[in-house]
Enquirer: 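Next up is a structure, given as structure tokens.
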Amino acid sequence: MEQRKIQVTLKDGSIKEIQRGTRVMALAESLSQGLAKAAVAAVVDGKQVDLSAQLEQDCSVQILTFDSEDGREIFRHTASHILAQAVKRLYPGAKLAIGPAIENGFYYDFDLDTAFSSDILGNIEAEMGRIVSEDLPVERFTMPREEAVRILMENEEPYKVELVRDLPEDAVISFYRQGEYMDMCTGPHLPSTGRVKAFKLLQVAGAYWRGSEKNKMLQRIYGTAFPKKAELEAHLEALEEAKKRDHIKLGRELELFMTSDVVGQGLPLLMPKGARVIQLLQRFVEDEEARRGYQLTKTPIMAKSDLYRLSGHWQHYKDKMFLVGAEPEDAETEDKGTQTANSAADPVMALRPMTCPFQFQIYNSRVHSYRDLPVRYSETSTLFRKEASGEMHGLIRVRQFTISEGHLIVTPEQLESEFKGVLDLIHYMMTSLGIQSDIWYRFSKWDPANKEKYIGTPETWEDVQGKMKDILDHLGIPYREADGEAAFYGPKLDIQFKNVHGKEDTIITVQIDFALAERLGMTYVDKDNEKKPPYVIHRTSIGCYERTLAMLIEKYAGAFPAWIAPVQVKILPISDRHLEYAKRVADSLSAEGFRTEMDDREEKIGRKIRDAQMEKVPYMLVTGDKEAGSGTVAVRSRKAGDMGVMNLEAFMQLLAGEVAQKSNSA
RNA sequence: GCCGCUGUGGCUCAGGGGUAGAGCGAUUCACUCGUAAUGAAUAGGUCGAGGGUCCGAUUCCCUCCAGCGGCUCCA
């Protein structure tokens, strides 16, 4: 006996009785017209479905709108289909690859000989506009895998065929059709193309098929889409605003760093103000690490290839190292074996890409008892890595950088507490920089399908990764897992941030390593008088200074907190006759260790203030007749403006307090 | 390394087959000034580098270098 009514549980927990076979859209309309209008798709019993789906049994239903992440994704996925449809109309020969929604937008990859220029992008956008105004219904249909392959072959879509062939034999393949356009897709999708009211194509980029550089490079078109024009405009405006925080732009304007064609790619030059910030950070880090039981080392920036053969860098990292003392062709033909360098007379040297093998030599300089452990080495360490030429980006991705390097050599029993100590240190650093809520953790694991990338056995990898996971879970660190992101010698806990363009980068990394320690013959003598291999924790505390500086510039839009501002106070004398008093004020401040500049130009005070504001100096001290007469200063904060007149002493206390707190009140 | 775009005075940018222009900045002079731009004058560019086409190239073509946005890779 067939029931004609079913019960649906709604998001708020209420239950509604409806006719069996009711479409989701009709349900939404029965709930509210507003909801129906905003609906993009639905989740039925945890599964995403189209609004046209029919409800056949008792179930839970949640209507998705653009306000949810899933809803936005579905909305923009339909936008990507509209893009592909437009491209197919204009370029029937274009082969379709994939076209997903991404954070803040979507893209679609095409294989086409014609390069998509910006003119062409405009034409495609116009065609998309037509597809939207045609308001084509988007319809789902399915077919068996076999038939899907046949149809896609007929349509000459080799990439789609490849995708289908990767699915199981018995898979039922779903397709979506809008007008003349058809695409293989799991969905769900918007009910019709007319819903995509506001969209924009943003850029063209190359992208390898299936993300592998061994494959053909396709053309990727990026775009974004919103239900309303105003939302699109707000988004585009936000992108423009973000560009103003770009550390490269601000770095130039604020004279923090520069690049020069004749120096080389990925080799930025830190100007006095930028170098000052880095110096402040370095002193801060070195002092804090000393307080936490680290011993500072200073090791060479290059070594014979022998050392790198021992460490495994020669076998796994050589193409990223700068070689010294070898002709390039020698380097090419150098065998990849583990034998040591053959000629002591003319050894091949390499600039170091990492510090570990150097500090390990120091550890190995004598026998260690378990009583010595943990040994904590730190170094402000300059490294060199020959990054691919297309990779360089300002201070974020460079070929020479200085890292707050450190290695902890520990017994197995000490591993967790030392790991925790490292995380404490990192947390302290992030909090001091004021970025603790801008970062997140990534647990970077190896890729078992790509064993030749790594040293050590699969068993060791699984073992170490298991230990690391236990520690992370035990310490309650919230992390996202990432396969294939490990270092060649061990898994990592990476601390990630996003730059102003939304691109994710690692700022700090903590690694547990068993393999490298063993390769380099590191041991300690345990209670039972047996030599045993220690664990090594590789870590940075504040990351690499260049990248950290880049992040800070973008975080604060160049207005550094007073404790790391290259100039903390700018003295602004009203006129020439106040120069002498201004100089005395400046000298007093400098004597107390404050970083001070004086604007002695023959300019009006308004101009001096404006320029100091543009330089983002935390405090300006206006000194004129009133102040010179009373031994005071008129304080202006870059943030709060005129703070009134106060004694120089009082101002120094204010600033000293702010520096000590590492706060950012100015 | 790969795809696309870009490279014009210190900076931001306009121009375009007949050897270059604006604003800001800089310099000099005048003004000696009270919380986000005083005025005037002056200087400053082998138009990223090399090659080619052309009577003639900064402009068109090629190669290289560098930058930007992606891909791949990564701190």
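Lettering follows sequence order; numbering is per chain, from 1.
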Enquirer: Using Watson-Crick or G-U wobble geometry with both distances below 3.5 Å, tell me the partner of B/rA49, or none.
Expert: B/rU63
Enquirer: Relative to A/Tyr107, does A/Arg220 satisfy both conditions: NZ or CZ under 6.0 angstrom from the six-membered ring centre, and within 45 degrees of the ring's axis?
Expert: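 Positive - A/Arg220 is close enough to the ring of A/Tyr107 and near enough to its axis.
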Enquirer: Using the rule ring-ring contact (aromatic ring centres under 6.0 Å, His included), only one of A/Tyr317, A/Trp446, A/Tyr489 pairs with A/Tyr454; which is it?
Expert: A/Trp446
Enquirer: With a non-hydrogen cut-off below 4.0 angstrom, is A/Ile248 in contact with a base, only sugar-phosphate, or nothing?
Expert: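 Here A/Ile248 touches the backbone only, sparing every base.
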Enquirer: Taking the side chain from A/Ser311 and the backbone from A/Tyr308, do they hold a donor-acceptor pair closer than 3.5 Å?
Expert: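 Present.
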Enquirer: Pick out which of A/Lys445, A/Arg442, A/Arg480 makes a salt bridge (charged side-chain N to carboxylate O under 4.0 Å, His left out) with A/Asp494.
Expert: A/Arg442
Enquirer: On a whole-Å scale, what distance lies between the C1' atoms belonging to B/rA20 and B/rC47?
Expert: 8 Å
Enquirer: In whole Å, what separates the P atom of B/rG44 from that of B/rC61?
Expert: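 Roughly 33 Å separates the two P atoms.
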Enquirer: Quick one: label A/Lys320 by what it contacts on the DNA or RNA (base, sugar-phosphate, nothing), any heavy atom closer than 4.0 Å.
Expert: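 The answer is sugar-phosphate, as A/Lys320 gets under 4.0 Å only of primed atoms, P, OP1 or OP2.
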Enquirer: Using a cut-off of 4.0 Å on non-hydrogen atoms, how would the nucleic acid contact of A/Gly624 be classed: base, sugar-phosphate, or nothing?
Expert: base
Enquirer: Looking at the base of B/rG34, is there any donor atom on it, or on the side chain of A/Glu627, that sits under 3.5 Å from an acceptor on the other one?
Expert: yes
Enquirer: Determine the Euclidean distance between corresponding P atoms of B/rC65 and B/rA49; express it in Å to zero decimal places.
Expert: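 Each nucleotide's P atom is 15 Å from the other's.
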Enquirer: In whole angstroms, how far is the P atom of B/rC68 from the NZ atom of A/Lys243?
Expert: 14 Å
Enquirer: Compare the aromatic ring of A/Phe116 with the six-membered base ring of B/rG4 and state whether they stack according to the 5.5 Å and 30° rule.
Expert: no
Enquirer: Indicate yes or no for a side-chain donor-acceptor contact from A/Thr506 to the backbone of A/Ile508 under 3.5 Å, with no hydrogens or angles considered.
Expert: no
Enquirer: Rounded to the nearest Å, what distance is computed from the CD1 atom of residue A/Ile574 to the P atom of nucleotide B/rC31?
Expert: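 Going from CD1 in A/Ile574 over to P in B/rC31 covers 19 Å.
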Enquirer: Pairing check on B/rA40: which nucleotide meets the Watson-Crick or G-U wobble criteria with it, both distances under 3.5 Å?
Expert: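 B/rU28 - that is the nucleotide pairing with B/rA40, both distances being under 3.5 Å.
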Enquirer: Give A/Lys492 one of three labels, base, sugar-phosphate or nothing, depending on what nucleic acid heavy atoms sit under 4.0 Å from its own.
Expert: sugar-phosphate
Enquirer: Just to be sure I understand the rule, does A/Asp494 reach a base, reach only the sugar-phosphate, or reach nothing, if contact means heavy atoms closer than 4.0 Å?
Expert: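 Counting heavy atoms under 4.0 Å across all strands, no contact is made by A/Asp494.
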Enquirer: Write down the distance separating the P atoms in B/rA22 and B/rA14, rounded off to the nearest Å.
Expert: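 My reading of the P atoms in B/rA22 and B/rA14 gives 16 Å.
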Enquirer: For A/Glu580 and B/rU32, what is the distance between atoms CD and P respectively, to the nearest whole Å?
Expert: 20 Å
Enquirer: Between B/rG69 and A/His393, is there an OP1 or OP2 to side-chain N/O distance shorter than 4.0 Å?
Expert: yes
Enquirer: Can you tell me, in whole Å, how much space there is between the C1' of B/rA26 and that of B/rG9?
Expert: 11 Å
Enquirer: Pick base, sugar-phosphate or nothing for A/Arg385, based on heavy-atom distances below 4.0 Å to the nucleic acid.
Expert: base
Enquirer: Identify whether any heavy atom of A/Tyr107 sits under 4.0 Å from a base atom; if not, whether one sits that close to sugar-phosphate; answer base, sugar-phosphate or nothing.
Expert: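 Result for A/Tyr107 = nothing.
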Enquirer: In whole Å, I'd like the distance from the NZ atom of A/Lys604 to the C1' atom of B/rU35.
Expert: 12 Å
Enquirer: Could you identify the nucleotide paired to B/rC71, looking across every strand shown and requiring Watson-Crick or G-U wobble geometry with both distances under 3.5 Å?
Expert: B/rG1
Enquirer: Provide, to the nearest angstrom, the distance between the CG atom belonging to A/Asp611 and the P atom belonging to B/rC33.
Expert: 20 Å
Enquirer: Considering every strand and a 4.0 Å limit on heavy-atom distances, what is the contact class for A/Arg636: base, sugar-phosphate, or nothing?
Expert: base
Enquirer: Run A/Phe358 and A/Phe360 through ring-ring contact (aromatic ring centres under 6.0 Å, His included) and show every step you take.
Expert: CA-CA 5 Å; A/Phe358 297 83; A/Phe360 294 174; 10.0 Å; no
Enquirer: Tell me: CD1 of A/Ile605 to P of B/rC33, nearest whole Å?
Expert: 12 Å
Enquirer: Need one value for A/His578: base, sugar-phosphate or nothing, where a base atom within 4.0 Å counts as base even if backbone is also close, heavy atoms only.
Expert: nothing
Enquirer: Describe the nucleic acid contact of A/Leu202 in one word from base, sugar-phosphate, nothing, applying a heavy-atom distance below 4.0 Å.
Expert: nothing
Enquirer: Before giving the answer on salt bridge (Lys or Arg N to Asp or Glu O under 4.0 Å), spell out for A/Arg283 and A/Glu286 the whole-Å C-alpha distance, their side-chain angles and the decisive distance to 0.1 Å.
Expert: CA-CA 5 Å; A/Arg283 288 175 176 172; A/Glu286 288 182 358; over 6 Å; no
Enquirer: To the nearest Å, give me how far apart CZ (A/Phe110) and C1' (B/rG70) are.
Expert: 16 Å
Enquirer: Which whole number of Å gives the distance between the C1' atom of B/rG15 and that of B/rU8?
Expert: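 Pairwise C1' distance, B/rG15 against B/rU8, rounds to 9 Å.
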Enquirer: Considering Watson-Crick and G-U wobble pairs with both distances under 3.5 Å, what does B/rG21 pair with?
Expert: B/rC13
Enquirer: What do the steps show when you test A/Thr632 against A/Ser630 for side-chain hydrogen bond (donor to acceptor under 3.5 Å, both in side chains), and what is the final call?
Expert: CA-CA 5 Å; A/Thr632 58; A/Ser630 59; 2.8 Å; yes
Enquirer: If we take the C1' atom in both B/rG52 and B/rA40, what is their distance in whole Å?
Expert: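 Going atom to atom, C1' in each nucleotide, I get 48 Å.
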Enquirer: Report, one pair per line, the protein and nucleotides 26-29 of chain B atoms (nitrogen or oxygen only) whose separation is under 3.5 Å.
Expert:
none

Enquirer: Determine: side-chain N/O of A/Gln265 to OP1/OP2 of B/rG67, distance under 4.0 Å, yes or no.
Expert: yes
Enquirer: To the nearest angstrom, how far is A/Leu254 atom CG from B/rG25 atom C1'?
Expert: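 The answer, rounded to whole Å, is 15 Å.
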Enquirer: Working note: A/Lys498 + A/Asp505, criterion salt bridge (Lys or Arg N to Asp or Glu O under 4.0 Å); need CA distance, chi angles, decisive distance, verdict.
Expert: CA-CA 6 Å; A/Lys498 266 187 199 158; A/Asp505 275 296; over 6 Å; no
Enquirer: Distance criterion of 3.5 Å, no angle test: do you see the side chain of A/Glu391 paired donor-to-acceptor with the base of B/rC71?
Expert: yes
Enquirer: Using only atom types and a distance under 3.5 Å, with no angle test, would you say the side chain of A/Thr540 pairs donor to acceptor with the backbone of A/Ile403?
Expert: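 Not at all, since once roles are kept as given, no pair shorter than 3.5 Å links the two residues.
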Enquirer: Please classify the nucleic acid contact of A/Thr509 as base, sugar-phosphate, or nothing, using heavy-atom distances under 4.0 Å.
Expert: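 Sugar-phosphate only.
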Enquirer: Under 4.0 Å between a side-chain N/O of A/Arg577 and OP1 or OP2 of B/rC33, yes or no?
Expert: yes
Enquirer: Counting neighbours of NZ on A/Lys583 that are heavy atoms of other residues, nucleotides or ligands and sit closer than 6.0 Å, is the number greater than 12?
Expert: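 Check fails, neighbour count at 12 or below.
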Enquirer: Quick one: look up who B/rC33 pairs with, Watson-Crick or G-U, both distances under 3.5 Å, and put none if it's unpaired.
Expert: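 Its partner: none found.
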Enquirer: How would you label the contact of A/Ala612 with the nucleic acid (heavy atoms, under 4.0 Å): base, sugar-phosphate, or nothing?
Expert: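 No contact at all - A/Ala612 keeps every heavy atom at 4.0 Å or more from the nucleic acid.
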Enquirer: Categorize A/Glu603 for me: base, sugar-phosphate, or nothing, with a 4.0 angstrom heavy-atom threshold over every strand shown.
Expert: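 The answer is base, as A/Glu603 lies within the cut-off (heavy atoms under 4.0 Å) of a base atom.
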Enquirer: Has the side chain of A/Tyr208 got a donor or acceptor atom sitting under 3.5 Å from an opposite partner on the base of B/rG1?
Expert: yes
Enquirer: Rounded to whole angstrom, note down the P distance from B/rU12 over to B/rC64.
Expert: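 Roughly 27 Å separates the two P atoms.
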Enquirer: Which nucleotide wins on minimum distance to the side chain of A/Arg397, given the candidates B/rC73, B/rU32, B/rU72?
Expert: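 The answer is B/rC73, which lies nearest to the side chain.
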Enquirer: Any donor-acceptor pair under 3.5 Å joining the side chain of A/Glu602 to the base of B/rC31?
Expert: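 Indeed, a donor on one side and an acceptor on the other fall under 3.5 Å apart.
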Enquirer: Does A/Ala205 reach a base, just sugar-phosphate, or nothing at all? Heavy atoms under 4.0 Å.
Expert: base
Enquirer: Does B/rU12 have its OP1 or OP2 closer than 4.0 Å to a side-chain nitrogen or oxygen of A/Arg252?
Expert: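 A/Arg252 to B/rU12 OP1/OP2: side-chain N or O found under 4.0 Å.
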Enquirer: Would you say A/Thr224's side chain and A/Asn104's backbone share a donor-acceptor pair under 3.5 angstrom?
Expert: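 Side chain of A/Thr224 to backbone of A/Asn104, a donor-acceptor pair under 3.5 Å: yes, one is there.
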